[in-house]
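So the structure is just underneath, and the comments pick up after that.
In this chain, residues are counted from 1 in sequence order.
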Amino acid sequence: MKTITLEDVARDAGVSRALVSMAIRDVPGVNSQTRDRILATAERLGYRPNRLASRLASRSTTAIGVFLLDLRQDVYADMFDGIRDVTQDEKLHLVLAVGAHDGTLDGNALDSLMQSRVDIVIATGLLLPDDDVRAFSRHTPIVSVARQIDGVDSVASDNVRGALLATEHLIGLGHRRIVFLANPQTDGYTGRQEGYVDTMTRAGLEPWLVGSQYSRRQAARDIAPVLALPVDERPTAVFAHNDQAALGVLDAMATLGLRAPDDISVVGYDNSQVSQAPGTQLTTVDIHGEELGEEAARMALRRLEEPSAPPASHVSQPTLVVRATSGPARF
């Protein structure tokens, strides 16, 4: 049986492929008479991508796209659990797309969700510039998770506050040479470095920034030269921008024969599942990922009910979880 394409629908309806795409996605700019004719043509021909037939018949929303930045960071799995918990009783169809830790696949993943005709996207950890996200949202509504974006529905944790909690914890333990292993400072991801720098400065201490990426392996490479400094020059503590980077710090320490917290204290961020492992017991900041996912799903449902409502923003408060990798300064 031949698969019916957008071109087939366009040819039969006597319109352009672009107009068919706009009508099916219910994008503004198509008059109601033309839209109804296109939809009737698509249904008659049997054009059925991703449950389109039932959606055309009922005119109801059934598909929510979910973007996860990186499957290696299980904080995004926590967020997905929260999204699923809220949506599973609504009989909504979830369509999943996954990016990469460096953000290079964000655009492709969002495009694939749009091509799947989802009605809204819940995006966790997007690294695209703000303007690009806003441009996408003009075609398909989006809820940003773990990052605030002006003009777009957003659910995030207060990263400035979380970094303050982590840095104050280390200062309270007597640490003075505290490195922040920093993530790339891009749109929406500057709060953790800002909170660290502000807290160090207010305490009369010199901020010590080491730039890195989102990969555990790269974090280990970036921090290794600092950890190899003489004992009276190296940091007594490292605060990493996320748990994967903190694990990279622990990897580099193990290579150098160092232990946490006896030689250097280590603090992560996210409270991912791996941070809780018995052999790790990482001190970290809990952003309550599952709760962020739940709130994002509720926000998405509200957006579907009220498409013209002003963009909403929800900021939750993180908490510090003290475990085995942080202790009093010894040098």
For [X], enumerate each residue passing the salt bridge (Lys or Arg N to Asp or Glu O under 4.0 Å) test, keeping only those at least two apart in sequence or located in another chain.
X	answer
Glu295	Arg298, Arg302
Asp132	none
Asp153	Arg303

May I ask you to test the [X]-[Y] pair for a side-chain heavy-atom distance under 4.5 Å?
X	Y	value
Leu113	Thr140	no
Val197	Leu209	yes
Trp208	Pro235	yes
Val285	Thr319	no
Val266	Leu250	yes
Leu227	Val238	yes

*Criterion side chain to side chain donor-acceptor pair (under 3.5 Å) on Glu7 and Thr5, from CA distance to verdict*: CA-CA 5 Å; Glu7 287 78 6; Thr5 66; 3.3 Å; yes

*Does Asp81 have any side-chain hydrogen bond (donor to acceptor under 3.5 Å, both in side chains) partners at least two apart in sequence or in another chain, and if so, which?*
Arg84

*asked:* Can you list everything that forms a side-chain hydrogen bond (donor to acceptor under 3.5 Å, both in side chains) with Asn108? Sequence neighbours excluded, please.
replied: none

I'd like to know if the side chain of [X] and the backbone of [Y] have a donor-acceptor N/O pair within less than 3.5 Å.
X	Y	value
Ser265	Gly327	yes
Gln281	Gln276	yes
Asp263	Arg259	yes
Thr325	Thr283	yes
Asn242	Tyr269	no
Asp243	Ser275	no
Thr104	Asp102	no
Gln185	Asn183	yes
Ser137	Ile142	no
Arg35	Val30	yes

Transitively linked via ILVMFWY side-chain contacts under 4.5 Å: [X] with [Y]?
X	Y	answer
Leu6	Val15	yes
Val145	Met114	yes
Met79	Leu105	no
Val210	Ile264	yes
Val95	Leu301	yes

Between [atom1] of [X] and [atom2] of [Y], what distance do you get to the nearest 0.5 Å?
X	Y	atom1	atom2	answer
Arg37	Thr41	CZ	OG1	6.5 Å
Gln73	Asp78	CD	CG	11.5 Å
Ser212	Leu181	OG	CG	4.5 Å
His101	Leu71	NE2	CG	12.0 Å
Leu247	Thr284	CG	OG1	9.5 Å
Ser272	Gln244	OG	CD	6.5 Å

Distance-minimising heavy-atom pair for [X] and [Y]:
X	Y	answer
Val66	Phe80	CG1-CD1, 3.9 Å
Pro318	Leu165	O-CD1, 3.7 Å
Ala220	Gly248	CB-O, 3.3 Å
Ala63	Arg117	CB-O, 4.4 Å
Ala297	Thr87	CB-CG2, 4.0 Å
Val231	Phe331	CG2-CD2, 3.7 Å

*Contact list for residues 103-145, test ring pair (Phe, Tyr, Trp, His ring centres under 6.0 Å), sequence neighbours left out*: none

*With distance as the sole criterion, is a donor-acceptor pair present between the side chains of His169 and Ser326 under 3.5 Å?*
yes

*Just checking, any donor-acceptor pair under 3.5 angstrom between side chains of Gln115 and Asp111?*
no

Indicate every side-chain donor-acceptor pair of residues 120-131 with a distance under 3.5 Å to a residue at least two apart or in another chain.
{"from": "Thr124", "atom 1": "OG1", "to": "Phe67", "atom 2": "O", "distance (Å)": "2.9"}
{"from": "Asp130", "atom 1": "OD1", "to": "Arg147", "atom 2": "NH2", "distance (Å)": "2.5"}
{"from": "Asp131", "atom 1": "OD1", "to": "Arg134", "atom 2": "NH2", "distance (Å)": "2.6"}

_Over 12 non-hydrogen atoms of neighbours within 6.0 angstrom of CZ in Arg330_ = yes

_Other residues, nucleotides and ligands only: do more than 12 of their heavy atoms fall within 6.0 Å of CG on Asp150?_
no

_List the residues meeting side-chain contact (heavy atoms from CB on, under 4.5 Å) with Ala203, not counting sequence neighbours, and say none if there are none._
Ile171, Leu205

*Using 30° and 60° as the class limits, which term best fits the ring planes of Phe180 and Tyr196: parallel, tilted or perpendicular?*
parallel

Which pairs count as salt bridge (charged side-chain N to carboxylate O under 4.0 Å, His left out) when at least one residue sits in [range], sequence neighbours excluded?
range	value
residues 154-183	none
residues 310-323	none
residues 187-214	Arg192-Asp270

*asked:* I need the full list of side-chain hydrogen bond (donor to acceptor under 3.5 Å, both in side chains) pairs touching residues 231-241, with sequence neighbours left out, sorted by first then second residue.
replied: His175-Thr236

*Do Asp251 and Arg217 sit within salt-bridge range, that is, some charged N less than 4.0 Å from a carboxylate O?*
no

